[in-house]
Amino acid sequence: MRIPDYDNCLVNLSNSILRHFGLETFHPSIPQVDKILDGNKQIIIFLFDGLGETILNKHLDEDNYMRLNVRHRLSSVFPPTTVAATNAFLNAKYPLETGYLGWTEYFYEHPNEPIEVFTNKFKLDEKSTPLPNVSFKHLARFNIIDTINAHALDKTRAHLLYCYPVDKKGPRLLSTFTKKAFKLAKQTENSFVYAYWNNPDHTIHKFGVNSKAAKRQVRKINRLFVRYATMPKNQNVLTLAIADHGLIDVTPIDLLKEHPEFKKMLEKPWVIESRAASFFIKDEYKQEFKQLFNTYYEGKFELYSKEQVLKNHIFGLGTPHPIINLSLGDYLAVAISNFNIVYPNEKPFKAHHAGAMDEEYTLSLIGVNGTLLKQDKERWLKEDNEKALMEAKAKLRIQDDEVKVETLSDDNKNTSEDEQK
């Protein structure tokens with residue numbers, strides 16, 4: 001299994017933000033990002049859910065604006081999924097530390113019923129009503145927005161901006177959302193805005209990675225990003241764009257339908273994610289489960305014991321959050337191929353994430369402001385001049401070669417065959 005680069009991931013990116021505002025960091029920052037941030041007073045980070053590097057490159061040509069302005073490549077966290085990744089960024093800590101592991105987890109009030117972290121609903125009961133902020137009560141509540149507002153320099157203000165339906169009053173249109181982010185950034189002399197948009201993830205889940213709908217969403221993001229980021233009035237704002245993860249098209253595995261013998265082995269339902277499934281197994285079946293699972297799903301999933309997960313820092317570094325023991329079971333099945341495990345009667349997605357593939361992990365950090373644009377223009381001009389010079393020299397060499405050949409040929413007309421040799 002490939003583990004994220006935990007020295008160059010979303011957690012390190014947010015620690016670069018803390019460092020930039022003169023605040024305490026929890027983990028190392030990213031030196032390349034520190035240089036980009038230095039000297040900027042107004043900063044926006046747009047997080048486009050699901051816009052990993054592979055998705056970006058698949059649906060945008062090389063000369064499209066967002067691809068031209070990639071400043072740095074970095075990694076998501078494990079699992080590369082919205083619950084874990086966005087909270088890793090906002091907390092500047094790894095999922096191991098925050099307790100935000102994935103879509104479903106167990107909590108003290110309901111230790112045997114999977115609860116959806118974002119909705120606070122019972123996963124296996126479609127008719128259940130949301131519980132009163134169970135996840136919010138138990139998981140990490142620190143975030144860099146509150147910290148900047150409480151401890152940064154005077155005239156500094158940080159903002160959280162969510163789209164609808166994450167925020168029931170949030171912007172529904174990407175144009176309105178983007179415009180509002182810049183408006184917030186300009187309210188104070190020093191500012192930071194974290195702006196979360198739920199696409200292309202929402203669309204790709206439904207229609208797939210290669211769908212026309214996905215391409216439309218990515219191109220719309222590119223079009224509006226360039227429109228607002230390059231406006232003369234916005235060029236003093238450092239505008240960054242990042243994703244939380246990428247996606248791949250998947251084939252669902254109905255585990256209990258394919259292999260009913262697993263049902264008697266389960267102590268309770270699996271949790272976390274369909275591509276990072278945490279299994280709780282009855283003591284008498286632990287060895288048998290391991291043997292059978294590896295036999296059936298070799299090459300599709302890798303199975304790790306709880307001890308191996310913690311020893312290898314799969315969920316990141318630091319001190320484990322107290323909630324970890326509730327949701328991290330005896331075994332963790334991690335997808336290393338295009339498959340995911342679904343509950344019986346669960347409606348599957350066409351594309352998903354949370355496994356351990358490069359397409360899910362690898363992210364592009366895109367950055368634009370007046371200074372960067374100036375540097376780009378200077379670099380491009382230099383590259384154009386160097387290219388023109390190389391072409392001129394190449395052309396001259398060709399002409400020189402042609403002259404020599406012609407000269408040699410002319411001279412040969414007046415020499416004997418032996419002299420030519």
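Residue numbers count from 1 along this sequence.
- Salt bridge E346/K123: present, at least one basic N to carboxylate O contact under 4.0 Å.
- For F339 and F301, the distance between ring centers is not under 6.0 angstrom.
- Separation of the F46 and W197 ring centroids does not fall under the 6.0 Å cut-off.
- Paired with F89 under the rule ring-ring contact (aromatic ring centres under 6.0 Å, His included), one option of Y100, Y94, Y196, Y194 passes, and it is Y194.
- The ring of W270 has its center closer than 6.0 angstrom to the ring center of Y343.
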Problem set entry | Steps toward ring-ring contact (aromatic ring centres under 6.0 Å, His included) verdict (H352, F349) | CA-CA 7 Å; H352 219 315; F349 288 134; 5.2 Å; yes

For this session: Evaluate the side-chain contact (heavy atoms from CB on, under 4.5 Å) criterion for residues F78 and V334: first the C-alpha distance (whole Å), next the side-chain angles of each, then the deciding distance (0.1 Å), finally the verdict.
Result: CA-CA 10 Å; F78 183 85; V334 181; 3.8 Å; yes

Exercise. Can R71 and D376 be said to form a salt bridge (charged side-chain N to carboxylate O under 4.0 Å, His left out), step by step?
Worked result: CA-CA 11 Å; R71 306 291 167 177; D376 282 341; 2.7 Å; yes

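- Salt bridge annotation for K286-D330: present, with a cationic side-chain nitrogen under 4.0 angstrom from a carboxylate oxygen.
- In this structure, the side chain of D61 does not engage the main chain of D63 through any donor-acceptor pair within 3.5 Å.
- One N or O on the side chain of N120 and one on the backbone of S135 form a donor-acceptor pair closer than 3.5 Å.
- For the atom pair CG (D167) and CG (L160), the distance works out to 10.0 Å, reported to the nearest 0.5 Å.
- In summary, the aromatic rings of H321 and H138 are positioned with their centroids too far apart to meet the 6.0 Å limit.
- We find that R275 and E360 are joined by a salt bridge, their nearest charged nitrogen and carboxylate oxygen being less than 4.0 Å apart.
- Checked by atom type, the side-chain pair H353/T81 shows a donor-acceptor distance below 3.5 Å.
- Remark: the E97 side chain and the H27 side chain contain an N/O donor-acceptor pair separated by less than 3.5 Å.
- A distance of 13.0 Å separates CG of N12 from CZ of R19, quoted to the nearest 0.5 Å.
- A distance of 5.5 Å separates CD1 of I314 from OH of Y304, quoted to the nearest 0.5 Å.
- Within the 4.5 Å cutoff, the side chain of N294 has no heavy atoms near those of the E298 side chain.
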Exercise. Going through the distances and angles, do Y285 and F289 end up as a ring-ring contact (aromatic ring centres under 6.0 Å, His included)?
Worked result: CA-CA 6 Å; Y285 293 114; F289 175 85; 9.9 Å; no

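- The closest side-chain donor-acceptor pair between T82 and D244 falls under 3.5 angstrom.
- Within the 6.0 Å centre-distance limit, the rings of Y297 and H259 are counted as a close aromatic pair.
- Aromatic rings from Y331 and F279 are positioned such that their centres are separated by 6.0 Å or more.
- No side-chain donor-acceptor contact under 3.5 Å links D49 to the backbone of N199.
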